[in-house]
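Chain identifiers are assigned alphabetically (A, B, ...) following the order of the sequence lines, protein sequences preceding nucleic acid strands; residue numbering begins at 1 within each chain.
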Amino acid sequence: MEPGVASGLDFDSSVIAVAVEKSNFILSLLGTLCTVSVPRRLLHFCDQTGTEAQMNLSRITGDENDCRSGSDNLETVSGDDVDQEQNPRKKKKRYHRHTPQQIQELEAYITYRYFPDCPHPDEKQRLELSKRLCLESRQVKFWFQNRRTQMKTQIERHENAILRQENDKLRADNMAIGEATRNPVCSNCGGAAMLGDISLEEQNLRIENARLKEELDRLCALAGKFLGRSTPCFAADNIDVAPPPFPRSLLELGVGSNGGFAAGLVPPELFPPTPATISPLHGGGAVAHLTSSDRSMLLELALAAMDELLTMAHMDAPLWIRSSDGSAEALNYEQYHRSVSRIAGLSPAGFVAEASRQTGMVIVNSLALVETFMDSDRWANMFSSIVAKNTTVEVICNGAGGTKNGALQLMRAELQVLSPLVAIREVNFLRFCKQQAEEGTWVVVDVSVDFIRENASSGSSCRLMPSGFVVRDMPNDYSKLVWVEHAEYDESQVHLLYRPLLRSGLAFGAGRWLATLQRRCECLAILSSASNLDESGTITASGRRSMLKLAQRMTEAFCAGVCKSSAHEWTKLESHSIGPDVHVMTRKSVGDPGEPAGVVLSTATSVPLPLISPKRLFDFLREAGLRSKWDILSNGGPMYEMAHIAKGQAAGNAVSLLRASAVSSNQPSMLILQETCADASGAMVVYAPVDVPAMHLVMNGGDSAYVALLPSGFAILPDGGEGSLLTVGFQILVNNQPTAKLTVESVETVNSLISCTVQKIKAAVFHYGD
DNA sequence: TGTCTAATCCCGA
DNA sequence: TCGGGATTAGACA
């Protein structure tokens, strides 16, 4: 039988079905495509409705699809092979698509062998692929050519979007500046400014000058007190400013005239608003005016706190009792009250104490460490999983002789455990840094400012007893730390599930701070070493940096969605359709290129997994091949790790890029950025779907700030026994219009998503690792 | 009407 | 001759 003449079995069903549907064109189409021989069955279909025709077609052709793509099949039918051979350029186009399987294989080829470089197989590889996929070699060539063009246009489009955003921003800035120029406002009185009187620059200089004078004033007053020597930086004309008389003791301060300000907030008496001296400070706070006597009190508190910390750091038994396995130390409170001249008075009713001490080596030198601690931005960055928000309210002293020795600052921070069931801890504290007599040894101490008032129980849910560390330089850029954390907090704000964890000090204790510091410093050390390459070796150094930066932003965004801190404008939702321990928050996302615009819903919950160790749970969740057990993004198939950047010696600390199997040829294969971190105190797996072209840019060292993502993930904490506490958090764009109202359906959907995921994990992890 | 995709055309190395 | 950019044309939302 002549191929295609009568059987009709070799037709590509889509071609025919469409031809049938478009009955208006059918005759001309047939005239063009099948000039020589039109199969009878096809003509028969023309009398049917499109649907019927399609159904019949699938019945006829369905089982006989070989693996060749449609074009091959149609060509055998067209019958104009002779014409084509004579004049190949006039060959008519025949629509077809490669099969999903073919496309998936071709995509996989790009992903594994060439990503993120330009996918470019040579002739031999193309031949091999074409044989495997039953395609012509040139079809494979075309496919790769088109794919490259496509990626290029996607990247171009993405870059255009970025440029447009930047342009809009500049235009808005420009308009704002124009507006400000038209209506100038006096920065002193707030009234309309008289232009020409004084230039803006001069005015700024005068304000700056006044501020500097005041700071110098302050330093002079402090210098003699706690450094015991004058330094060149104080050699100014007003060095003889008399220091205010010191109160005799802190207890005396507590009952003094300053009692009565609301605890938990910076006392208004300490910081009366004096507009002339308020100026912006990095970190978002404002410099408030402290009187000399305020500063003296704070200094006295800092010195006393440092004494207490040193005692706590240096004394061993009987003050600290080591656990039987030697891993942790517990404070002997009886001994504590005997041997430590405690700053704090009685604990407020309902408050419980937690105290912990941990010793360890960290790959950082003491100078770099204290510099980090005295810079609030760097400190928050170092401990981004613990510090939800922080501001330096006032730098009381910058330190002497160009170092941080004697540096004292008033800070405010919100500390978190990654669970919606544990309230954020707000602390207002002093941070004081001092070099010890021994070379290369420093102490940094934090203490709540709540203690300089009589009754500290009104409002504040946590007060920091002297906490901090003693650090001593060791060889090879390592240092040895003794870390002490001591706090009193209102336990009623903590879910029953987490109370043992907090009491043990595993949540906010020295172990968690030190383990986090060790992990972060190791990561920084590895990143600065030249040997760090991703496993495939294809990502450039700048690409790695961009990827890590993006991953860090993702993880920070994840942490911000689990607990409600004041740093982010989340609105908590209450609804009967939300489970009892599930927290749902929402916010509008507008104008941040780092996330999609619209209504974002964040949902989080924590569940106990009593028989599963944190390590087992972590290994299960971070394994790409096991994601299909719980992740709806995996499309039910396994995921593959395409790129891997190690952040530490331990296998669990890494940033990786995962790829899911595509569902169909139309759906571009999706990428998932994943950051995993684990240390002695707990672990995290955070991930977000990312756009392929955007990721391509990042991996080539492009700016990651414009990659829009919404993170989801897990935080794993030990439950104090053998098991784990698992926090699951999702952030989902429920509507891409920021003004849209949130619907009950969206809330119910995320609610069922989270409970379903938890159930799947529970079921699967139980059998994992057996 | 715009986008996606397989294929074609054409140019330069 | 080959690869890449530009272009085309059918399908589809």
task = Please state how far atom CH2 in A/W143 lies from atom C1' in B/dA7, giving the value in whole angstrom units.
result = 15 Å
inquiry  = I'd like to know if A/R587 pairs up with A/E595 as an ion pair, taking the criterion as any Lys NZ or Arg NE/NH1/NH2 lying under 4.0 Å from an Asp or Glu carboxylate oxygen.
reply    = yes
Out of B/dT8, C/dG4, B/dA7, whichever nucleotide has its closest atom nearest the side chain of A/Q145 = C/dG4
message = Rounded to whole Å, please give me the gap between CZ in A/F144 and C1' in B/dA6.
response = 14 Å
task = State plainly whether the residues A/R659 and A/E641 are in salt-bridge range, i.e. N to O under 4.0 Å.
result = no
message = Has A/T676 got a side-chain atom pairing as donor or acceptor with A/R622's backbone, closer than 3.5 angstrom?
response = no
ask   = Can you check the A/Q139 CD to B/dT5 C1' distance for me, whole Å?
value = 13 Å
query = Roughly, in whole Å, what's the span from CZ in A/F142 to C1' in C/dC2?
reply = 12 Å
ask   = Can you tell me if the side-chain N/O atoms of A/R138 get under 4.0 Å from OP1 or OP2 in C/dC2?
value = no
key: Length of the line joining A/N146:CG and B/dT3:P, which is rounded to integer Å   = 17 Å
message = Ring of A/Y687, cation from A/R627 - is the NZ or CZ under 6.0 Å from the centre and inside 45° of the axis?
response = yes
